[in-house]
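Data block below; observations after.
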Amino acid sequence: MAANGSTGLNREQKIVSALCKHLSLDPKIFLGDVVNDIKSLYSNILKSSGAPLDDNDEVLKWITFAEGFPLDSKSCFGVLNGLNDDLAQKSVLLGNGLKPSAADIIVFSVLHPFLIGLPNEDKEKLPHVMRWMDYIQSKEDFGELFEKILLKKAKFEPQLEGAKNTAKVVDSDVKKTTQNTKNADKLEANLNTKKSDTEKKVNKEATQEKKKASETEVVEKDKEVSVSLLNIQVGLIRKAQKHPSADSLLVEEIDIGDAKLRQVVSGLAKYCSPDELTNRRVVLITNVKPGKLRDVISEGLVLCASNEDHTLVEPLLPPEGAKLGERVSFAGIDGKPEDVLNPKKKQLEKITPHLLTDDKGVATFKGIPFMTSGGPCTSSIPKASIK
C-alpha cells in the first residue's frame, strides 16, 4: 500500500491538524509541541476547544485502534478487513452520523495514507471502509490536508420515456392473431409444464438443503478457528517457583483480578528464573481445561513468543496501562469465549498457528494486534510464533 497524498506532516501532526479543523481551532498552537501519544493529543485539543472531554470506553477503543494500527501492508489489510466487518453494521464509528465524531476524525487521519494509494481491486474488497472514508471526507473540510480519495461509483441510468412508449405501441390486429396462436399452444404447454415444475421443485429443494448444509459447515469451521473462542486475559505473576518434580517446569501464581490467585504450570525454567518472573505482567489463556502437569494442577496457559529454533522464549508483555483481568481484544472480531475449551475439538491447535509477532514485536492474530486498554501486547522477539 502506497502512502500517497502526503502533505509533509507526520501522523501525529495530521491528527492534530484534522482535529483542529474539526473543532475550528488554529493547529499552529499545538503543532510546535506534538507528543506521540494520541490519547494525550485528543485530551489537550478538546480541553483547548472548551468541548466536554469524552473519555468513555468506545472513544478510548478507537484511540487505541489508531495507536495500534500497523505500518506493514500485510498486517494493515488484515486490520482493515476487521474494520470493514465492524462498519457493515453502522454508518460511523461513533455518534448518530449527522456530524463525524472526534474518534472518526482520528481514525480517518491514520487510515488515509494507506487507503489513498490502494488499487481499485483492493478498495472493492473494503466497501464499508471506503463508504465511511468517502462520507468523512465529504462532511469535513480538511482543505489541502488530505488528498481526496477517488472512488468508482455505480452509474444510475434512468429508462427513457420514449423507449417505454415505443414498447407499448403494438398493432391491435397483430395482438389478436398472436393471442389465438398462444391459446392453441397453451393447453399442450400446461401439461408439460406441470410435469417439469414437479421435477424442478424436487431438484430445488435438494439444492437448497445441500446449500444450507454447506453454509452451516463453513460457519462452524470459521467459528472453530476464531480467536474469540479464547479468553485471553492480562495477569501479574505474584509468585514463581520451581516445579517440585520437573526441572523444566515452573509453577506461577497469577493475579487476574479475582479473589483467588490462579496457579499455572509452564515450561519456562530453561528460559527464565523464578525471580525474573515474579511481579512480571503476562497474558494468559484462562479458559483451557484445568489439568495436572507432573502432579501439579495448572489452570491456564501463559502465552509466550519463541524464535524459530526455540533458543529464545519469553512471555508476551501487556502494556503498563492494561488492567489486571481485562480481556485482550482484536479489532473487528467479536464473540463470546468458550466457558472451557474442548480438547477433543483441538480448538487451540487450530488457532495458535495464526498467533505471531510482527516485525516490530507486536503480538497479532492473522495480522490483527492483541489490544488492551493500554495499547498492544508485545515481545522483544520479532516475527516469532506465539504459544
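All heavy atoms count here, side chains included; hydrogens, waters and symmetry mates do not.
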Just verifying a value: how many Å separate [X] [atom1] and [Y] [atom2], rounded to the nearest 0.5 Å?
X: Asn342; Y: Lys344; atom1: CG; atom2: NZ; value: 7.0 Å
X: Ile285; Y: Leu301; atom1: CD1; atom2: CG; value: 5.0 Å
X: Ile106; Y: Ile38; atom1: CD1; atom2: CD1; value: 7.0 Å
X: Arg327; Y: Ser228; atom1: CZ; atom2: OG; value: 6.5 Å
X: Leu115; Y: Asp122; atom1: CG; atom2: CG; value: 10.0 Å
X: His22; Y: Asp141; atom1: NE2; atom2: CG; value: 13.0 Å

For [X], side chain to side chain contact (heavy atoms under 4.5 Å, CB included) partners two or more places apart:
X: Asp85; answer: none
X: Asp247; answer: none
X: Asn81; answer: Phe77, Leu126

Do the side chains of [X] and [Y] join up, straight or via other hydrophobic residues, at under 4.5 Å, putting them in one cluster?
X: Leu261; Y: Val288; value: no
X: Val234; Y: Met371; value: no
X: Leu317; Y: Ile232; value: no
X: Val328; Y: Val362; value: no
X: Ile386; Y: Leu312; value: no

Set out, in order, the CA-CA distance, both residues' side-chain angles and the distance that settles side chain to side chain contact (heavy atoms under 4.5 Å, CB included) for Lys47 and Ser43, then state yes or no.
CA-CA 6 Å; Lys47 283 178 184 175; Ser43 177; 3.6 Å; yes
Rest of the hydrophobic cluster containing [X] (Ile/Leu/Val/Met/Phe/Trp/Tyr, side-chain heavy atoms under 4.5 Å)?
X: Val251; value: Leu249, Val265, Leu293, Val296
X: Ile297; value: none
X: Val302; value: Ile237, Leu250, Ile254, Ile256, Val264, Leu268, Tyr271, Leu277, Val282, Leu284, Val313

Please check if the side chain of [X] supplies one atom and the backbone of [Y] the other of a donor-acceptor pair under 3.5 Å.
X: Thr286; Y: Asn231; answer: yes
X: Asn84; Y: Leu80; answer: no
X: Arg281; Y: Leu316; answer: no
X: Arg262; Y: Glu299; answer: yes
X: Thr357; Y: Ala384; answer: yes
X: Asn307; Y: Thr311; answer: yes
X: Gln137; Y: Ile149; answer: yes

My understanding is that only residues two or more places apart in sequence, or in another chain, count here; which of them pass salt bridge (Lys or Arg N to Asp or Glu O under 4.0 Å) with [X]?
X: Asp255; result: Arg238
X: Lys323; result: none
X: Lys90; result: Asp86

Qualifying side-chain hydrogen bond (donor to acceptor under 3.5 Å, both in side chains) pairs, either residue in residues 368-387, two or more places apart:
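Matches after skipping sequence neighbours: Glu314-Ser379, Glu314-Ser380, Glu326-Ser373.
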If a pair satisfies side-chain hydrogen bond (donor to acceptor under 3.5 Å, both in side chains) and one of its residues is in residues 101-111, list it, with sequence neighbours excluded.
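Listed once each, the pairs are Ser101-Asp104, Asp104-Trp132.
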If you count every heavy atom of other residues, nucleotides or ligands that lies below 6.0 Å from [X] atom [atom1], does the total exceed 12?
X: Glu308; atom1: CD; result: no
X: Asp26; atom1: CG; result: yes
X: Lys123; atom1: NZ; result: yes
X: Glu121; atom1: CD; result: yes

Flag the pair [X] / [Y] as yes when at least one side-chain heavy-atom distance between them is below 4.5 Å, and no otherwise.
X: Asn287; Y: Val340; result: no
X: Glu140; Y: Lys21; result: no
X: Lys289; Y: Leu341; result: no
X: Leu356; Y: Phe365; result: no

Quick one: do Ile136 and Ile105 satisfy side chain to side chain contact (heavy atoms under 4.5 Å, CB included)? Show the steps, please.
CA-CA 8 Å; Ile136 301 299; Ile105 301 300; 4.3 Å; yes
Do you know which two heavy atoms are closest between [X] and [Y], and how far apart they sit?
X: Pro27; Y: Cys20; value: CA-SG, 3.6 Å
X: Pro127; Y: Glu124; value: CD-O, 3.5 Å
X: Leu93; Y: Ala103; value: CD1-O, 4.1 Å
X: Pro376; Y: Pro319; value: O-CD, 3.5 Å
X: Pro315; Y: Arg280; value: O-NH2, 3.2 Å
X: Lys14; Y: Pro113; value: NZ-CG, 4.5 Å

Determine whether the side chains of [X] and [Y] contain a donor N or O and an acceptor N or O closer than 3.5 Å.
X: Thr364; Y: Asp358; result: no
X: Ser273; Y: Asp275; result: no
X: Ser266; Y: Glu252; result: yes

Measure the acute angle between the ring planes of His112 and Phe146, then classify it against the limits of 30° and 60° as parallel, tilted or perpendicular.
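His112 vs Phe146 ring planes: tilted.
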Where does the angle between the aromatic ring planes of Trp62 and Phe65 fall among parallel (under 30°), tilted (30 to 60°) and perpendicular (over 60°)?
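Judged by the thresholds at 30° and 60°, the geometry between Trp62 and Phe65 is perpendicular.
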Between Leu229 and Leu348, does a side chain to side chain contact (heavy atoms under 4.5 Å, CB included) hold up when you go through it step by step?
CA-CA 9 Å; Leu229 294 176; Leu348 198 54; over 6 Å; no
Give the C-alpha distance, both sets of side-chain angles, the deciding distance and a yes or no for side chain to side chain contact (heavy atoms under 4.5 Å, CB included) between Val107 and Val110.
CA-CA 5 Å; Val107 176; Val110 171; 5.7 Å; no
For residues 299-344, pull every pair meeting ring pair (Phe, Tyr, Trp, His ring centres under 6.0 Å), keeping only residues two or more places apart or in separate chains.
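Every ring pair (Phe, Tyr, Trp, His ring centres under 6.0 Å) pair that includes a residue of residues 299-344, provided the two are not neighbours, is Phe330-Phe370.
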Whether Asp134 and Arg131 form a salt bridge (side-chain N of Lys/Arg under 4.0 Å from carboxylate O of Asp/Glu) is what I want to check.
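No, this pair does not count.
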